[in-house]
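When a ligand or atom number is given, it counts from 1 through the structure's own listing order.
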Amino acid sequence: MSTSGKNHTVTMTDNASGKSAEFPVMHGSAGVPVVDIRSFNKEFGLFTYDPGYTATGSCQSKITFIDGDKGILLYRGYPIEQLSEHSDYMESCYLLLYGELPTAEEKAKFSYDISHHTMVHDQITNFFRGFRRDAHPMAVMCGVVGALSAFYHDSLDIEDPWHRKVASYRLIAKMPTIAAWAYKYTIGQPFVYPRNDMGYAENFLHMCFSTPAEEYKVDPVVAKTLDLIFTLHADHEQNASASTVRLAGSTGANPYACIAAGIAALWGPSHGGANEQVLNMLEEIGTVDKVPAMVARAKDPNDSFRLFGFGHRVYKNFDPRATVIGKAAHEVLDILGVHDPLLEVAVELERIALEDEYFIQRRLYPNVDFYSGFILKAMGFPVSMFTALFAIGRTVGWIAQWNELIEDPEQKINRPRQLYIGEPSRDYVPVDKR
Ligand code: CMC
């Protein structure tokens with residue numbers, strides 16, 4: 001889709017050598033065009049410097065589009081608000097993987113195939129037992145998902161489209177089983193096996209909250225809301241974890257190893273780990289009267305503390321996922337009759353921050369993680385499971401990005417350069433002379 005413009009170029013001049021070179025500008029179907037600097041080093045003998053990749057496009061992609069100034073998020077062209085209202089997670093997964101909305105038959109077949117891959121190799125139950133009972137669920141997920149490559153040898157050939165498809169379905173299908181079991185393991189309850197007659201979110205709730213002694217009755221409102229949360233988290237273009245998956249994938253690593261790398265990147269508090277930190281932060285604030293002190297801390301240049309659930313690298317107006325989830329949080333808590341006093345703290349925090357010059361100037365708004373925790377908490381999930389739930393929803397995005405990378409002839413091993421600022425070459429000094 002992108003056109004490298006004969007018409008549109010950028011000319012750069014190196015003031016030291018006086019040399020000039022022209023670089024084509026590539027236009028996508030939407031969003032900011034990019035300058036193709038692949039010949040930059042050949043032309044000037046220089047590399048570009050962009051820590052955090054704040055100005056760097058790493059690939060061409062047809063999957064997800066974000067306009068951070070306008071608060072737009074599209075999966076394959078469809079606005080997240082429309083998908084949230086009319087679609088569901090299985091349909092969004094199909095859309096992200098295949099590029100088009102499924103027909104009724106395609107959707108039924110896809111859901112059937114996913115539900116028939118939810119069981120894990122029985123030997124994996126022993127793998128769980130190697131962890132301490134107080135292990136964080138994300139630690140367990142990094143380990144167990146990476147270990148899938150030791151169990152499913154028939155889907156490791158990344159050059160084979162069938163292997164890639166089987167691995168993709170397995171990862172989407174088994175992630176809820178692994179996350180639910182990570183939870184069960186920490187609370188000392190037996191693992192609950194998946195049920196093929198249940199929907200994706202419903203089955204996950206069943207595996208988390210049923211016991212052999214008592215079947216958990218899944219409230220349809222709860223299942224629908226969890227499905228919405230998965231849909232909202234399904235993909236977010238070249239975010240840190242998707243880029244990590246792509247980077248690992250660029251080496252030819254197998255899909256299970258790549259997704260384990262994505263889970264590790266997601267865990268950090270600047271990324272998916274923020275949903276856990278939001279609740280911890282609100283608990284620390286405790287009451288509405290203590291909100292101003294926390295806001296003052298977040299603004300203090302000498303304090304590294306940040307308000308979790310605020311700010312985004314790309315969204316500089318509002319996060320459309322936060323709008324949907326904020327509304328859902330209030331509605332679901334009402335329906336479930338849950339009164340969470342921390343919700344009042346959150347509402348006050350949002351109010352004060354949105355009126356504060358510091359946040360206005362830096363264009364810091366609540367992101368998706370700000371309200372999701374309330375819903376998950378009301379459903380009965382402990383705070384330590386929040387990021388694991390994010391990982392379940394995001395798996396399809398990682399997989400879609402990974403498949404796109406493998407099929408992209410322009411992609412090669414991802415290998416950034418550096419500006420070396422260490423010691424220049426020097427001679428080794430024997431230990432008795434130091
Ligand atoms: N609280 C207070 N100040 C903040 C915050 C915050 N949450 N976020 C950014 N700032 C300030 C930052 O200190 C800097 O100020 P100054 O210009 O005075 O130095 C300015 O805003 C720009 O920050 P930045 O670090 O350059 O922005 P970034 O694009 O590199 O970081 C972010 C984006 C999401 C990592 C950051 O906003 C943050 O740490 N937020 C809190 C963690 C969080 O909620 N993460 C979830 C992101 S959404 C879900 C996901 O993608 O996983």
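Of all the listed residues (N275, L266, N367), N367 holds the heavy atom that lies closest to atom 47 (C) of ligand 1. With distances taken over non-hydrogen atoms, the option nearest atom 2 (C) of ligand 1 out of Y358, Y365, F310 is Y358. Of the candidates H271, K316, H236, the one placing a heavy atom closest to atom 52 (O) of ligand 1 is H271.
Within the 4.0 Å heavy-atom shell around ligand 1 one finds P269. The shortest heavy-atom distance from N239 to ligand 1 is not under 4.0 Å. Ligand 1 lies less than 4.0 angstrom from a heavy atom belonging to F390. Within the structure, ligand 1 lacks F370 among the residues with a heavy atom less than 4.0 angstrom away.
The number of heavy atoms from other shown groups lying within 6.0 Å of NZ (K224) does not exceed 12.
The residues R195 and E202 are annotated as not salt-bridged, no charged nitrogen and carboxylate oxygen being separated by less than 4.0 angstrom. Of the charged side-chain nitrogens involved, at least one lies within less than 4.0 Å of a carboxylate oxygen, so that E407 and R164 count as a salt-bridged pair.
At the top of the distance list for atom 44 (O) of ligand 1, counting protein heavy atoms only, stands G309 N, 2.8 Å. Here the heavy atom of the protein found nearest to atom 16 (P) of ligand 1 is R362 NE, 3.5 Å. Atom 34 (C) of ligand 1 has its closest protein heavy atom at G311 O, 3.7 Å. Protein heavy atom at the shortest distance from atom 49 (C) of ligand 1 is D369 OD2, 3.1 Å. The closest protein non-hydrogen atom to atom 9 (C) of ligand 1 is L364 CD2, 3.5 Å. Remark: minimum distance from atom 30 (O) of ligand 1 to any protein heavy atom is reached at R313 NH2, 3.0 Å. Shortest contact from atom 45 (N) of ligand 1 to any protein heavy atom: S270 O, 2.9 Å. Scanning all protein heavy atoms for the shortest distance to atom 27 (O) of ligand 1 gives R306 NH1, 4.6 Å.
Near A274, meaning under 4.0 Å from one of its heavy atoms, ligand 1 places the atoms 43 (C), 44 (O), 45 (N), 46 (C). The G272 neighbourhood of ligand 1 comprises atoms 52 (O), with distances under 4.0 Å to a heavy atom of that residue.
For the ring-ring contact (aromatic ring centres under 6.0 Å, His included) with Y94, the lone residue among Y89, Y200, Y78, F110 that qualifies is F110.
Ligand 1 has a nitrogen or oxygen under 3.5 angstrom from a nitrogen or oxygen of L307.
With a 4.5 Å cut-off on side-chain heavy atoms, F370 and E350 count as touching.
Checking atom 20 (C) of ligand 1 against the protein gives a heavy-atom contact under 4.0 Å.
Aromatic ring orientation, Y169 versus Y98: perpendicular (interplanar angle above 60°, classes split at 30° and 60°). Note on ring orientation: taking the six-membered ring where Trp is involved, the planes of H136 and W267 are tilted (angle from 30° to 60°).
For the side-chain hydrogen bond (donor to acceptor under 3.5 Å, both in side chains) condition, the pairs that include at least one residue of residues 303-312, sequence neighbours left out, are R297-D303.
Side chains of Q401 and Q238: a donor on one and an acceptor on the other come within 3.5 Å. Between the side chains of E276 and S384, no donor N or O sits under 3.5 Å from an acceptor N or O. In the model, N275 has a side-chain atom that pairs as donor or acceptor with a side-chain atom of T387 under 3.5 Å.
When atom types are taken as modelled, the side chain of K174 and the backbone of M119 share a donor-acceptor pair closer than 3.5 angstrom.
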